[in-house]
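Encoded as structure tokens, the structure appears first; notes follow it.
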Amino acid sequence: DCAFPSACDSQNSQQEDNSPSVPDCNTDASKLEQEYVHEVYEEIAGHFSSTRHTPWHKIVEFLKGLPEGSLVADIGCGNGKYLGVVKELYMIGCDRSRNLIDICSEKSFEAFVCDALSVPLRDCTFDAVISIAVIHHFSSEEMGRPHV
């Protein structure tokens with residue numbers, strides 16, 4: 001017998017499968033997202049921000065191509081690395097992480113806390129919207145699809 005049956009390959013046929021699975025419903029998906037995305041980002045915000053300082057070239061190109069004075073929303077703005085890239089634009093960001101929004105505030109960026117699946121901004125108000133590296137955080141395809 002193995003001293004670690006839960007981790008022992010030879011014991012697998014005798015164990016029930018406890019591996020993660022696809023959530024059965026949106027409530028289960030939301031719970032997983034809360035625990036493995038939202039809570040994690042709150043905890044790691046400072047370190048995460050220190051590793052996210054260089055804007056992606058293609059995004060900067062896109063922003064620079066907008067007319068001066070354009071109003072731009074950054075949904076899932078994180079630490080705000082795109083909010084100050086083009087000074088001639090009016091940008092506002094939002095993110096689910098209070099700690100990342102606090103980092104935006106420390107940089108004097110306009111940003112607020114909200115869920116990317118329920119953004120309280122009026123339709124047809126912005127000249128452009130960016131949402132970089134956000135969709136993969138949605139806990140289910142069903143939840144994210146209407147928002148893409």
Side-chain angles (χ1 to χ4, degrees), residues 4 6-9 12 15-148:
F4 302 99
S6 65
C8 182
D9 291 341
N12 280 344
Q15 298 174 17
E16 61 182 80
D17 184 12
N18 290 329
S19 60
S21 62
V22 175
D24 291 329
C25 64
N26 282 344
T27 302
D28 291 344
S30 292
K31 288 178 185 175
L32 286 171
E33 188 174 309
Q34 176 63 35
E35 183 176 354
Y36 294 104
V37 179
H38 305 311
E39 291 176 15
V40 168
Y41 274 92
E42 289 302 340
E43 189 174 320
I44 68 166
H47 173 72
F48 178 82
S49 178
S50 72
T51 65
R52 301 302 188 275
H53 45 77
T54 306
W56 296 351
H57 178 73
K58 290 285 187 186
I59 307 306
V60 174
E61 261 183 43
F62 170 77
L63 293 171
K64 285 182 175 180
L66 296 171
E68 184 175 330
S70 292
L71 182 59
V72 181
D74 184 352
I75 310 303
C77 68
N79 67 354
K81 75 177 176 183
Y82 293 105
L83 296 179
V85 168
V86 181
K87 304 294 184 208
E88 297 78 22
L89 302 176
Y90 296 102
M91 296 192 69
I92 186 166
C94 65
D95 199 279
R96 177 66 173 71
S97 169
R98 159 55 55 200
N99 291 333
L100 287 171
I101 292 300
D102 288 346
I103 291 168
C104 290
S105 295
E106 291 168 9
K107 298 175 180 180
S108 299
F109 295 145
E110 295 291 329
F112 63 95
V113 175
C114 81
D115 192 310
L117 295 175
S118 182
V119 179
L121 298 173
R122 186 177 299 179
D123 289 348
C124 302
T125 302
F126 291 82
D127 299 301
V129 176
I130 60 173
S131 187
I132 311 304
V134 173
I135 292 173
H136 66 280
H137 292 303
F138 296 160
S139 55
S140 76
E141 189 174 322
E142 294 164 352
M143 290 172 69
R145 183 168 300 196
H147 305 279
V148 178

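Heavy atoms only: backbone and side chains are in, while hydrogens, waters and symmetry mates are out.
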Pairs under 3.5 angstrom only: tabulate donor-acceptor contacts from the side chains of residues 55-62 to other protein residues two or more places apart or in another chain.
unit_1, atom_1, unit_2, atom_2, d
His57, NE2, Glu61, OE2, 2.5

>> Are Cys104 and Leu83 packed together at the side-chain level, in the sense that at least one heavy-atom pair is separated by less than 4.5 angstrom?
In response: yes

>> For the CG atom of Leu121 and the CD1 atom of Ile75, what is their distance to the nearest 0.5 Å?
In response: 5.5 Å

>> Looking at every non-hydrogen atom in both residues, tell me the closest pair between Gly78 and Asp95 and how far apart they are.
In response: N-OD2, 2.8 Å

> Is a donor on one side and an acceptor on the other found under 3.5 Å between the side chain of Asp74 and the backbone of Gly93?
Replying inline: no

>> For the CZ atom of Phe112 and the CD1 atom of Ile92, what is their distance to the nearest 0.5 Å?
In response: 5.0 Å

>> Show, in sequence, the C-alpha distance, side-chain angles and deciding distance for Val72 and Leu66, and conclude whether the side chain to side chain contact (heavy atoms under 4.5 Å, CB included) test is met.
In response: CA-CA 9 Å; Val72 181; Leu66 296 171; 3.6 Å; yes

> OG/Ser105 to CZ/Arg98 distance, rounded to the nearest 0.5 angstrom?
Replying inline: 7.0 Å

> Is there a side-chain contact between Leu100 and Cys77 (heavy atoms, below 4.5 Å)?
Replying inline: no

> Taking all non-hydrogen atoms of both residues, which atom of Leu89 and which atom of Leu63 are closest, and how far apart?
Replying inline: CD1-O, 3.5 Å

> Just by distance, do the side chain of Ser118 and the backbone of Asp115 share a donor-acceptor pair under 3.5 Å?
Replying inline: no

> Are any non-hydrogen side-chain atoms of Met91 and Val85 less than 4.5 angstrom apart?
Replying inline: no

> Is Lys81 close to Ile132 at the side-chain level, that is, under 4.5 Å between some pair of heavy atoms?
Replying inline: no

>> Return the CD to CD1 distance between Glu110 and Ile101, rounded to the nearest 0.5 Å.
In response: 11.0 Å

